[in-house]
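Structure first, commentary second.
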Amino acid sequence: MSVEVPLNPITRSEIHQLESLLLFATLFRPEVIELIKDPAERLTWVDSLAVAAGAIAREKAGMTVSEIARELGRTEATIRKHLKGESKAGQLVRETYELIKQGKLDELIKTIEMIEKGGLKEVVAKEEYEKLLQEYEKLKQEFEEIKAKVEAAELESLEKAKKEIEELKSKLEKLEEEKKELEKELKEYKVKLMEHEAKAKRAEELEAKLKELEEKAKAVDEVEAKIREYEEKAKEYEEKLREKDAKIEELEAKLREYEDKVKSLEEEVNKLKDGIRKAKELLDSLLA
């Protein structure tokens with residue numbers, strides 16, 4: 001016999017299913033039977049196991065601690081202890097949940113059937129046995145109802161699942177189309193990005209050349225500044241040369257004037273010399 005168990009219940013019905021199965025399977029585990037031998041402790045144990053089963057079933061449904069405590073009529077501290085395994089009942093129910101999760105529910109049911117056939121009479125008094133047997137029959141009936149509901153729900157769930165699968169396929173096809181569009185756009189963006197990168201690289205190269213030209217232009221400006229400076233100085237030198245040339249011309253004119261005066265004086269000296277010579281010759285002739 002294989003039973004589908006709502007390990008992560010969603011609806012209120014599934015929560016109660018899981019809660020009943022956890023209590024049902026835990027209550028009749030051999031180690032739990034040993035714990036409830038003492039009549040004085042039995043009711044306490046059953047109550048604690050019921051609360052732990054209810055708490056863990058609701059935890060798996062995603063309910064908060066405060067919500068679980070409010071629904072079960074227990075304090076939040078008590079619920080936390082059961083959920084964290086700080087209580088023995090919480091530990092046992094958690095172990096049962098893990099066994100069911102591992103697919104060992106059938107083994108638990110076989111153990112219960114063996115206890116039903118007589119094993120339970122050996123560990124508890126007849127009066128308590130009758131009481132537990134009634135509880136067992138009640139739980140068994142509930143279990144059968146749950147099983148029937150689960151089996152009935154399977155067909156509905158299957159149809160629902162098929163419908164959901166078709167919807168998911170439709171959504172998947174739509175997503176595939178969107179994916180193709182996005183991939184196409186991505187390729188276009190990549191091409192554009194490569195173009196932008198090439199342009200950016202070219203811009204960097206041009207910027208580097210521009211900086212180089214700016215450096216050269218700066219050097220040319222410096223040279224031109226020096227040339228202007230030299231031209232200014234050349235103008236000054238030309239002006240000075242013109243002044244010197246004017247002075248030289250003035251001096252040359254004076255020199256020519258002096259030369260003319262010297263020449264005139266030389267002519268006069270020569271005339272005087274001729275006069276002296278003639279006077280001497282005349283004197284010599286007179287004396288002779």
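Numbers here simply count residues along the sequence, with the first being 1. Quick note: numbers below take in every heavy atom, side chains included, and nothing from hydrogens, waters or symmetry partners.
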Exercise: identify the closest heavy-atom pair between Leu92 and Trp45: CD1-CZ3, 4.0 Å
Atom pair NZ (Lys278) and NZ (Lys273), whose distance is rounded to the nearest 0.5 Å: 15.5 Å
Nearest-0.5 Å distance, CG of residue Leu21 to OG1 of residue Thr96: 10.5 Å
Glu232 bridged to Arg228 by N-O distance under 4.0 Å: no
Sequence neighbours excluded, every pair satisfying salt bridge (Lys or Arg N to Asp or Glu O under 4.0 Å) that has a member inside residues 187-201: none
Interatomic distance, Met63 atom CE to Arg70 atom CZ [nearest 0.5 angstrom]: 7.5 Å
Under-4.0 Å salt bridge between Asp47 and Arg74: yes
Distance (rounded to the nearest 0.5 Å) between Asn8 CG and Ile15 CD1: 11.0 Å
Pair Glu267 + Lys271, salt bridge at N-O below 4.0 Å: no
Distance, nearest 0.5 Å, that separates CG of Asp245 from CG of Leu241: 6.0 Å
Residues Arg242 and Glu239 bridged, charged N to O under 4.0 Å: yes
Same cluster (ILVMFWY, side-chain, under 4.5 Å), Ile10 and Ile56: no
Minimum heavy-atom distance Ala53-Glu19, with the two atoms named: CB-O, 3.7 Å
Hydrophobic cluster identity match, Leu7 and Leu22, side-chain contacts under 4.5 Å: yes
Exercise: do Gln17 and Ser13 side chains pair donor with acceptor under 3.5 Å: yes
Test log, rule salt bridge (Lys or Arg N to Asp or Glu O under 4.0 Å), inputs Glu205 and Arg202: CA-CA 5 Å; Glu205 292 175 355; Arg202 180 60 179 165; 3.4 Å; yes
Within-4.5 Å side-chain heavy-atom neighbours: Tyr97 and Thr26: no
Leu72 side, atom CG; His82 side, atom NE2 - distance, nearest 0.5 Å: 9.0 Å
Steps toward side chain to side chain contact (heavy atoms under 4.5 Å, CB included) verdict (Leu83, Ile79): CA-CA 6 Å; Leu83 294 178; Ile79 299 302; 3.7 Å; yes
Neighbour count >12 (heavy atoms, 6.0 Å) for atom NZ, Lys60: yes
Chi angles and distances behind the salt bridge (Lys or Arg N to Asp or Glu O under 4.0 Å) call for Arg80, Glu76: CA-CA 6 Å; Arg80 285 195 184 91; Glu76 292 185 14; 3.3 Å; yes
Residue pair Pro9 / Ala57: nearest heavy atoms and the distance that separates them: CG-O, 3.6 Å
Audit row: Glu212, Lys216, salt bridge (Lys or Arg N to Asp or Glu O under 4.0 Å) steps and yes/no: CA-CA 6 Å; Glu212 184 180 349; Lys216 288 181 179 180; 3.6 Å; yes
Glu71 with Arg58: basic N within carboxylate O range, under 4.0 Å: yes
Side-chain ion pair, Glu59 and Arg94, N-O less than 4.0 Å: yes
